[in-house]
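Just below is one structure, and these are the notes that go with it.
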Amino acid sequence: MINAPATPAPAEVFAEQVVWITGASSGIGAALAVEFAAAGARLVLSARRRDRLEAVRHQCIEAGAPPNDVLVQPLDVAAAEAMPATVDGVLAHFGQIDLLINNAGISQRSICLDTDLAVYRRLFEVDVLGQIALTKQVLPHMVARGQGHIAVTASVAGKVGAPLRTGYCAAKHAVMGFFDALRTEVAHLGVKVTTIVPGYIRTDIARQALTGTGAEAGDVEDDVDNGMDVVECARVILQGFCNGTEEIEVGNGPEMGLLELKRKDPTATFRALEGMAAEVLARSRP
């Protein structure tokens, strides 16, 4: 019997690689940063708040990263004009970018009828155009080297439409479409593209989600709070990268079954989610 080749460990793949993570100040981004640090990667951490990034940097150093191998680069992905200088700063420090993980994002919790158009614009600025803008800044560097890897954190909401998330689902569907199409264009140039499809992960995404007016929801959400542990999520994603998985599904709740149901029976999926919407809206009415 011929044994299948062993799956490489993260340290075999990412040691000395330069990994840039946006949305690195909390949640999946912060957990990924620590796991990459433990694997020997050199890290660029970006988000809006320097103080939170510095806290994650400290965790990365505790995980084994040399201090000079963890660079904090604050960045608001909605501010595309700041990106060229930020990319220049990363290249000046490390000389290369091997993996860009577009992880920054915000969610939404409001029905369409109650949602200001400005909220939809904000979701697209951050969740779609921000990812595209930074990718376009980094991609020429990777093409010039003839190698590189670009990833994006999408969502089950990028595959399935769910209630209270019309803007979030629209943005994540757009992200899936863009990066799937980008994969076709850059594969022959030596650049890989990975989409990450999380379900419910225990983070603050629901508390920080936008309401119909643009305010933060601030609410506890049982599905999220009972979701997959964020460290376990990060480890699944890392192993997916190591395995060469181009679309990494990560989660352990019933929402993950919707992905397969949508492929096999879209109509049944629509009916199930309509039932979910009816329950959610009934609970929200006074």
Side-chain angles (χ1 to χ4, degrees), residues 7-11 13-14 17 19-41 43-47 52-53 55-57 59-60 62-65 99-107 109 126-127 131 149-160 162 165 168-169 171-172 175-176 179 192-209 220-260:
T7 301
V13 177
F14 293 109
Q17 295 279 296
V19 179
W20 188 354
I21 306 170
T22 68
S25 60
S26 64
I28 293 174
L32 281 171
V34 175
E35 293 302 314
F36 274 111
L43 289 160
V44 183
L45 308 179
S46 289
R52 293 187 180 181
L53 290 172
V56 175
R57 179 177 182 270
Q59 293 173 33
C60 292
E62 288 187 329
L99 169 58
L100 169 65
I101 304 177
N102 292 289
N103 175 72
I106 49 177
S107 191
R109 297 295 185 271
V126 174
D127 291 1
Q131 323 306 315
H149 191 172
I150 293 173
V152 67
T153 303
S155 171
V156 170
K159 296 283 192 176
V160 178
R165 297 163 175 82
Y168 185 63
C169 288
K172 293 301 186 178
V175 158
M176 291 295 300
F179 284 92
K192 296 183 287 187
V193 175
T194 299
T195 52
I196 304 164
V197 187
Y200 290 123
I201 311 297
R202 290 204 298 274
T203 70
D204 285 335
I205 189 169
R207 294 175 180 84
Q208 296 169 353
V220 173
E221 191 170 283
D222 288 344
D223 287 333
V224 173
D225 286 349
N226 294 326
M228 177 183 276
D229 175 73
V230 72
V231 174
E232 181 183 357
C233 168
R235 290 173 179 169
V236 170
I237 293 169
L238 242 71
Q239 197 58 58
F241 287 144
C242 292
N243 296 348
T245 306
E246 292 174 313
E247 185 172 293
I248 302 171
E249 297 175 3
V250 53
N252 55 14
E255 75 281 359
M256 304 309 293
L258 289 172
L259 295 171
E260 186 62 22

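Residue numbers count from 1 along this sequence.
The two residues Ile205 and Ser107 make their nearest non-hydrogen contact at CG1-CB, 3.7 Å. Here the shortest heavy-atom pairing between Cys242 and Val13 reads SG-CG2, 3.8 Å. Of all non-hydrogen atoms in Ala162 and Cys169, the two that sit nearest each other are N-SG, 3.4 Å. The heavy-atom pair separating Val126 from Gly105 by the smallest distance is CG1-CA, 3.9 Å. Closest heavy-atom contact between Gly27 and Thr203: CA-CG2, 3.8 Å. Of all the heavy atoms in Ile201 and Val230, the pair that sits closest is CG2-CA, 3.8 Å.
Annotation: side-chain hydrogen bond (donor to acceptor under 3.5 Å, both in side chains) contacts of Thr22 (sequence neighbours excluded): none. Applying the ring-ring contact (aromatic ring centres under 6.0 Å, His included) criterion to Phe36, with sequence neighbours excluded, gives Phe14. Remark: Asn226 engages Asp222 in a side chain to side chain contact (heavy atoms under 4.5 Å, CB included) (not counting sequence neighbours). With sequence neighbours excluded, the residues that form a salt bridge (charged side-chain N to carboxylate O under 4.0 Å, His left out) with Arg165 are Glu221. Every residue two or more places apart in sequence or in another chain that forms a side chain to side chain contact (heavy atoms under 4.5 Å, CB included) with Val193 is listed here: Phe179, Leu182, Arg183, Val186. Residues passing the side chain to side chain contact (heavy atoms under 4.5 Å, CB included) test with Val34, sequence neighbours excluded: Gln59, Cys60, Ala63. Under the rule for a ring-ring contact (aromatic ring centres under 6.0 Å, His included), Tyr200 has no partner lying at least two apart in sequence or in another chain. The side chain to side chain contact (heavy atoms under 4.5 Å, CB included) check on Ser25 picks up Ala47, Arg52, Leu53, with sequence neighbours excluded. For Glu35, the salt bridge (charged side-chain N to carboxylate O under 4.0 Å, His left out) partners two or more places apart in sequence, or in a different chain, are Arg235. For Thr195, there are no side-chain hydrogen bond (donor to acceptor under 3.5 Å, both in side chains) partners, not counting sequence neighbours. In terms of the salt bridge (charged side-chain N to carboxylate O under 4.0 Å, His left out) criterion, residue partners of Glu260 (sequence neighbours excluded) are, by chain and number, Arg263, Lys264.
Considering CG of Asp127 and NZ of Lys172, their distance stands at 4.5 Å, rounded to 0.5 Å. Interatomic distance, Thr194 OG1 to Leu99 CG, rounded to the nearest 0.5 Å: 8.0 Å.
Inter-residue side-chain proximity for Ile237 and Ile101 is flagged as unmet; no heavy-atom pair is nearer than 4.5 Å. Within the 4.5 Å cutoff, the side chain of Gln239 has heavy atoms near those of the Pro10 side chain. Looking at heavy atoms from C-beta onward, Ile28 lies in side-chain contact with Pro198 at the 4.5 angstrom threshold.
No donor-acceptor distance shorter than 3.5 angstrom exists from the side chain of Gln17 to the backbone of Leu43, with no hydrogens or angles considered.
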Under 3.5 Å, sequence neighbours excluded: what are the donor-acceptor pairs made by side chains of residues 150-160?
| unit_1 | atom_1 | unit_2 | atom_2 | d |
| --- | --- | --- | --- | --- |
| Thr153 | OG1 | Asn103 | OD1 | 2.9 |
| Ser155 | OG | Ala157 | N | 2.9 |
| Lys159 | NZ | Glu247 | OE1 | 3.1 |
| Lys159 | NZ | Glu247 | OE2 | 3.3 |

Side chain to side chain contact (heavy atoms under 4.5 Å, CB included), that's the test. Do Arg207 and Val224 meet it? Break it down for me. CA-CA 10 Å; Arg207 294 175 180 84; Val224 173; 5.7 Å; no
How far apart are the C-alpha atoms of Asp229 and Arg202, what are their side-chain angles, what is the distance that settles it, and do they pass the side chain to side chain contact (heavy atoms under 4.5 Å, CB included) test? CA-CA 6 Å; Asp229 175 73; Arg202 290 204 298 274; 3.4 Å; yes
What's the verdict on side chain to side chain contact (heavy atoms under 4.5 Å, CB included) for Phe241 and Val19, showing C-alpha distance, side-chain angles and the deciding distance? CA-CA 12 Å; Phe241 287 144; Val19 179; over 6 Å; no
